[in-house]
Amino acid sequence: MNMYTFSTSASPKSCRLLTKGIMGVLRELVADEETRQNLDLILTEALANVVRHAYASSVGREKENPVEVVITVEYGSAIHIEVSDWGKGFGECAETATCPTLSEPEEEGGRGLYIMSSLSDELSVCQSDTKNTLSMIIKIEERKWVR
Amino acid sequence: MGTLKTVEQGATLILQYSGELTLQASAAFKEDLNEILTAREFDHLVVDMSAIPFIDSSGIGMLVSLNTRLKSLGKSLFLLNPATQAQKTLELVQLGDFFHILHDEDDLLTLD
């Protein structure tokens, strides 16, 4: 297994740039275009979640808001994604975060977790005193990897 | 960041957005939209999505919000030619039938 660690401050721009950087690495490993699009969307949603919710009360102080992404690659089998922040955790929502329901069509928000849950095989939330981690496992068939 | 152009076709205003429609683009996109919606006269608004290679839930939320706003003004929103990732993502969140999606520019001629 290979592990890659990425980090940045949680602003919309830096988080999208970080995702593109991670996708640059994953493009060398995953050949299937649809799988890569799904990984891109999962990462974008997870990082947007940190910006919008974990650090929602500290807009304008992005440099103080770290976000870390750890990618663990089980070549030919699965990719594990862990996104950690040190902001406001899921709190009482932690339990429902792992099996989110889809918002009503007219609602502007409430689709990020549903997307991540739908596109991953496992999703879990872990909270310590100060660190919150959203973990996902995405299984990828052997034929979809770069040979 | 994306670029936004407008084309008038009778009572239809076409927004040609080029770029990713994500949380990063949301502030600028909303600002541009506000200016357009307050300054322009139209019955139908068409968002040409053929040059949007990537959309996330924030981008979809913006389209939902735009749809609600137009509805309250008695106007209608159409999405034109969503690129593959956008179409799949709209279907993933079960909005494929919620929006009026046009897959052919000729369909614009049917709007009155």
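In the text below, chain A, chain B and the rest are named by the order of the sequence lines, each starting its count at 1. Predicted model, so just to flag it, every value in this text is computed and none were measured.
When heavy atoms are compared at a cutoff of 4.5 Å, A:E45 approaches chain B solely by way of its side chain, counted from C-beta outward. For B:S26, no part sits under 4.5 Å from any heavy atom of chain A, backbone or side chain. Contacts of B:S58 with chain A are made by both backbone and side-chain atoms, with heavy-atom separations under 4.5 Å. Contact annotation for A:D40: both backbone and side-chain heavy atoms come within less than 4.5 Å of a heavy atom of chain B. Using a 4.5 Å cut-off between heavy atoms, A:E107 contacts chain B through its backbone alone, with no side-chain atom that close. B:L95 touches chain A through its side chain: at least one heavy atom from C-beta onward sits under 4.5 Å away, while N, CA, C and O do not. In this structure, chain A has no heavy atom under 4.5 Å from any part of B:L63. If you measure heavy-atom distances from B:K71 to chain A, you find no contacts under 4.5 Å at all. For chain B, the nearby part of A:L119 is the side chain; its heavy atoms alone come within less than 4.5 Å. Heavy atoms closer than 4.5 Å to chain B are found in both the backbone and the side chain of A:L41.
No more than 12 heavy atoms of other residues, nucleotides or ligands sit less than 6.0 Å from atom CD of B:E31. When the shell of 6.0 Å around CG of B:D104 is examined, it contains more than 12 heavy atoms from other residues, nucleotides or ligands. Annotation for B:E105: atom CD does not count as buried by contact number, only 12 or fewer foreign heavy atoms lying within 6.0 Å. Remark: A:K13 NZ is loosely packed, at most 12 non-hydrogen atoms of other residues, nucleotides or ligands lying under 6.0 Å away. In the displayed structure, B:H100 atom NE2 is contacted under 6.0 Å by at most 12 heavy atoms of other residues, nucleotides or ligands.
When all heavy atoms are compared, the tightest approach of A:E106 to B:T68 is O-OG1, 4.2 Å. What you find for A:R16 and B:T22 is that their closest heavy atoms are NE-CG2, 4.2 Å. Counting all heavy atoms, side chain and backbone alike, B:V64 lies closest to A:P105 at CG1-O, 3.4 Å. Here the closest heavy-atom approach between residue A:R111 and residue B:G61 is recorded as NH1-CA, 4.4 Å.
The cluster map of Ile, Leu, Val, Met, Phe, Trp and Tyr, joined by side-chain heavy atoms under 4.5 Å apart, puts A:M136 and A:V25 in the same cluster. Under the 4.5 Å side-chain heavy-atom criterion for grouping Ile, Leu, Val, Met, Phe, Trp and Tyr, A:L18 is not connected to A:V70 through any hydrophobic cluster. Under the 4.5 Å side-chain heavy-atom criterion for ILVMFWY residues, a single connected hydrophobic cluster contains both A:M23 and A:L134. Both B:M62 and B:L70 are members of a single hydrophobic cluster when ILVMFWY side chains are connected at heavy-atom separations under 4.5 Å. Hydrophobic clustering of Ile, Leu, Val, Met, Phe, Trp and Tyr side chains at less than 4.5 Å, counting indirect connections, keeps A:L17 apart from A:L26.
Note: A:L47 CG to B:Q24 CD = 12.0 Å, rounded to the nearest 0.5 Å. For the atom pair A:R36 CZ and B:Q85 CD, the distance stands at 13.5 Å (nearest 0.5 Å). Within the model, atoms CG of B:N67 and CD of A:E108 stand 11.5 Å from one another, a figure rounded to the nearest 0.5 Å. Note that CZ of B:F54 is 8.5 Å distant from CD of A:Q37, once rounded to the nearest 0.5 Å. Rounding to the nearest 0.5 angstrom, the gap separating the OG1 atom in A:T19 from the CG atom in B:D56 is 9.5 Å. The CD1 atom of B:I55 sits 12.0 Å away from atom OG1 of A:T44, with the distance rounded to the nearest 0.5 Å.
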Test log, rule salt bridge (charged side-chain N to carboxylate O under 4.0 Å, His left out), inputs B:E20 and A:K20: CA-CA 12 Å; B:E20 296 185 341; A:K20 288 184 176 183; 3.6 Å; yes
